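Here's the structure, in C-alpha cells; my notes come after.
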Amino acid sequence: MESLLNRWLWRHEYWLPPGVTWADMVETESVQYPQPRDLLLTLPLSLVFIAARYAFERLVALPLSRKLGVRDTTRRVLAVQNVTLEVFYKQQTRSPSQNQFHSLAKQCDLSQRQIERWFRLRRNQDRPSNSKKFCEACWRFTFYMIAFLAGLAVLVDKPWFWDPSECWVGYPQQPLQTSQYWYYMTELAFYWSLLLRVSFDVKRKDFKEQVIHHIATIFLMGFSYCANYIRVGTLVLLVHDASDYLLESAKMFNYAGWRRVCDSLFFVFTAVFLVTRLVVFPSKVLYTTWYLSMESFQPFFGYYFFNALLLVLQLLHVFWALLILRMVWKFVVQGRVERDERSDEEENHTEEEEEEETCWERRKCAFDSKLPSLTNNCVLNNLTNQRNGAPSRQPKAR
C-alpha cells in the first residue's frame, strides 16, 4: 500500500517544482519540513473542537445570551405525532405538492387542510431558535477573534507579511516553524469540525456555498501544507479571519435585538470584507501565486491545482459580496438592515402562519379549560328547572 501511494500519490512531480525531489526535502535535527503525516493530527483535534464547542455553548454562550436579552419570540406548537407523515417528512420532502397532500390525506384518513397544517407545524418545529443561533455565532466569533489575533502575532514579524514576494525566497526548501505548524493545525482542525457539524448547524441560505467553502479550504490547506506553501497559506488564513469575527459579532447583537450596534458592526464588517476579499486577496495573494511565483520556478501540477482552489474561494467571495451589497442597498432604502442576506434565511415560512396557529391553539386551550365549568352550569340549570317545575305539575296530575 505504501509503495502504491509513493508511486501514484506522492510523486514529486505533483507536489514539488521541476528539478526538486523528495530527497531534497530530508529533515535534519535543526531543519524540519512539512510532512503529510502531520495532517492526521487534525482529525482528533477536530473532535476536541466539537467537544469544546458543546461545553462553550452551554456554559458561556447560553448564559451570555440571556444577559444580553436574547429571546425566542414565538411559542412553538408541536405537531401531533403521526408515523406516516413523519417518515414522509424525513425521507422525501418537507414541502409536499398538492398531489402528495391529497395522497397523504387518503393514507392518514385526514383532511387536506389538516395535512397542510401538520407540515407547517413540523417545519416550524425544526426552525432554530434565536438562542441556538446566538450560541453558534458566539462560538465562531470567539474562535475567529482568537485566530485573527494569533495570526497577527505569528506573521507580524515575518518578511512575507509586508512583502508577498518573500513567500518564494528559497522555495521549496523553507523550514517549518513551530508557530506556523500550530497555526495551520488549529485552523485546519476547526474547519474539519465545521464540516462535520454542518448538517447539525443552522441551515442557511448559502448552505451549499458554505459546504463548498469548507471543502475547498480543507483541500487548499492540506495541499499547501504538503507542498510547503506555508507562507502563502498563512496569508490566506489571516485575510479570511480579518472579517469573519465582525460578521459573527453583528449576528450576536442582531439576535439580542441591539439594532444600532448590529447595524454599526455590519457596516464595519462590510468595509473590511470588501477590502480584504475583493482588493487585498486578489491583488496580493492571487498575484503572488499566479505571477511572482513563476520567477522562482516553472509551473507544475501543484501550481495549477493550488491556484484553482484559490480561484474557487475568490468566486465565493464575489458571491457573498453581492449578498452583502444587497443588504447595504436595503439599508439605504429602508433605513435599517432587515436580516443577514449572506446566511440567515430560514425555511420557507411566514410569521403570520405561526401566529395563526398559536392563536388557534390558545383559543382551543381556553375553550378546553372552560368546558368543564360550562358543562357543570348546564347540569345545574337542568336540575334547578326540574325542581321548580315539579310542584306545578302535581296539581295538574290530581
Side-chain angles (χ1 to χ4, degrees), residues 15-16 22 25-56 60 138-164 166-197 213-245 248 276 281 284-285 288-289 302 306 309-310 313:
W15 302 88
L16 300 175
W22 291 116
M25 305 292 294
V26 177
E27 294 182 338
T28 62
E29 295 182 357
S30 59
V31 178
Q32 294 183 352
Y33 297 112
Q35 299 296 329
R37 62 176 179 270
D38 298 340
L39 299 178
L40 297 177
L41 177 64
T42 61
L43 295 178
L45 192 57
S46 66
L47 300 180
V48 174
F49 270 113
I50 293 176
R53 173 180 175 177
Y54 181 85
F56 177 86
V60 179
C138 187
W139 165 252
R140 297 193 182 195
F141 163 78
T142 303
F143 177 82
Y144 289 139
M145 172 65 79
I146 296 175
F148 177 68
L149 296 178
L152 281 179
V154 170
L155 297 176
V156 70
D157 60 341
K158 303 299 187 295
W160 62 87
F161 177 77
W162 308 100
D163 183 9
E166 292 288 334
C167 293
W168 312 112
V169 175
Y171 179 82
Q173 287 89 2
Q174 296 174 342
L176 176 64
Q177 300 180 9
T178 304
S179 59
Q180 297 172 348
Y181 169 81
W182 283 110
Y183 186 38
Y184 243 77
M185 294 299 106
T186 304
E187 289 272 5
L188 186 54
F190 178 75
Y191 280 103
W192 268 117
S193 68
L194 292 183
L195 186 62
L196 295 176
R197 286 271 311 177
H213 174 268
H214 297 338
I215 294 176
T217 302
I218 291 173
F219 271 99
L220 179 64
M221 295 183 64
F223 180 83
S224 64
Y225 186 83
C226 295
N228 204 10
Y229 283 124
I230 299 294
R231 296 184 178 183
V232 178
T234 53
L235 294 179
V236 173
L237 293 174
L238 187 66
V239 168
H240 282 73
D241 293 337
S243 60
D244 286 341
Y245 72 93
E248 301 303 331
T276 56
F281 187 79
K284 298 296 183 180
V285 178
T288 187
T289 56
F306 184 72
L309 292 177
L310 290 179
L313 288 182

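Since the model is a prediction, treat every value here as computed from it, not as a measurement. Numbers here are sequence positions counted from 1.
- Distance CG/Asp38 to CG/Leu176: 7.5 Å, rounded to 0.5 Å.
- You'll find the side chain of Leu196 stays beyond 4.5 Å of the side chain of Phe49, heavy atoms only.
- Formation of a donor-acceptor pair under 3.5 Å by the Gln174 side chain with backbone atoms of Val169 is found in this model.
- Taking CG of Leu310 as the start and OG1 of Thr289 as the end, the distance is 5.0 Å to the nearest 0.5 Å.
- Under the ring-ring contact (aromatic ring centres under 6.0 Å, His included) criterion, Phe56 pairs with Trp139, sequence neighbours left out.
- Between atom OG of residue Ser46 and atom CE of residue Met185 there is a gap of 12.0 Å, rounded to the nearest 0.5 Å.
- With contacts defined as side-chain heavy-atom distances shorter than 4.5 Å, the pair Ile230/Tyr181 does not qualify.
- Between Tyr144 and His240, the ring centre distance reaches or exceeds 6.0 Å.
- Under the side-chain contact (heavy atoms from CB on, under 4.5 Å) test applied with His214, the options Tyr191, Phe219, Trp192 reduce to a single match, Tyr191.
- Not a single donor-acceptor pair under 3.5 Å links the side chain of Arg197 to the backbone N or O of Ile50.
- The aromatic rings of Tyr184 and Tyr225 are tilted relative to each other, their planes meeting at an angle between 30° and 60°.
- Contact of the Tyr229 side chain with the Leu220 side chain is not registered, since no non-hydrogen atoms from C-beta on lie closer than 4.5 Å.
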Working for side chain to side chain contact (heavy atoms under 4.5 Å, CB included), residues Val239 and Lys284: CA-CA 10 Å; Val239 168; Lys284 298 296 183 180; over 6 Å; no
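- Listed here is the closest heavy atom pair of Pro172 and Asn228: O-ND2, 2.6 Å.
- No side-chain heavy atom of Glu187 sits under 4.5 Å from any side-chain heavy atom of Thr217.
- By the 4.5 Å heavy-atom criterion applied to side chains, Leu194 and Arg140 are counted as neighbours.
- The two residues Val156 and Phe161 come nearest to each other via the heavy atoms CA-CD2, 4.2 Å.
- One distance of note links CG of Leu40 with CG of Leu43; it measures 6.5 Å at 0.5 Å rounding.
- Rounding to the nearest 0.5 Å gives a distance of 10.0 Å between CD of Glu166 and OG1 of Thr288.
- Applying side-chain contact (heavy atoms from CB on, under 4.5 Å) to Val232 and the options Tyr171, Trp160, Phe306 leaves one that passes, Phe306.
- Note: Leu45 CG to Ser193 OG = 9.0 Å, rounded to the nearest 0.5 Å.
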task: Apply the test side chain to side chain contact (heavy atoms under 4.5 Å, CB included) to residues Phe143 and Asp241: give CA-CA distance (whole Å), side-chain angles for both, the deciding distance (0.1 Å), then the verdict.
output: CA-CA 9 Å; Phe143 177 82; Asp241 293 337; 5.5 Å; no
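- Looking at heavy atoms from C-beta onward, Tyr245 lies out of side-chain contact with Ile146 at the 4.5 angstrom threshold.
- Gln173 places no side-chain N or O within donor-acceptor distance of the main-chain N or O of Tyr33, the cut-off being under 3.5 Å.
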message: Checking Cys226 against Leu39 for the side chain to side chain contact (heavy atoms under 4.5 Å, CB included) test, could you report, in this order, the C-alpha distance in whole Å, the side-chain angles of both residues, the deciding distance, and whether it holds?
response: CA-CA 9 Å; Cys226 295; Leu39 299 178; 3.7 Å; yes
- prompt: Would Leu235 and Phe281 count as a side chain to side chain contact (heavy atoms under 4.5 Å, CB included) if you check the C-alpha gap in whole Å, the side-chain angles of each, and the deciding distance to 0.1 Å?
  reply: CA-CA 9 Å; Leu235 294 179; Phe281 187 79; over 6 Å; no
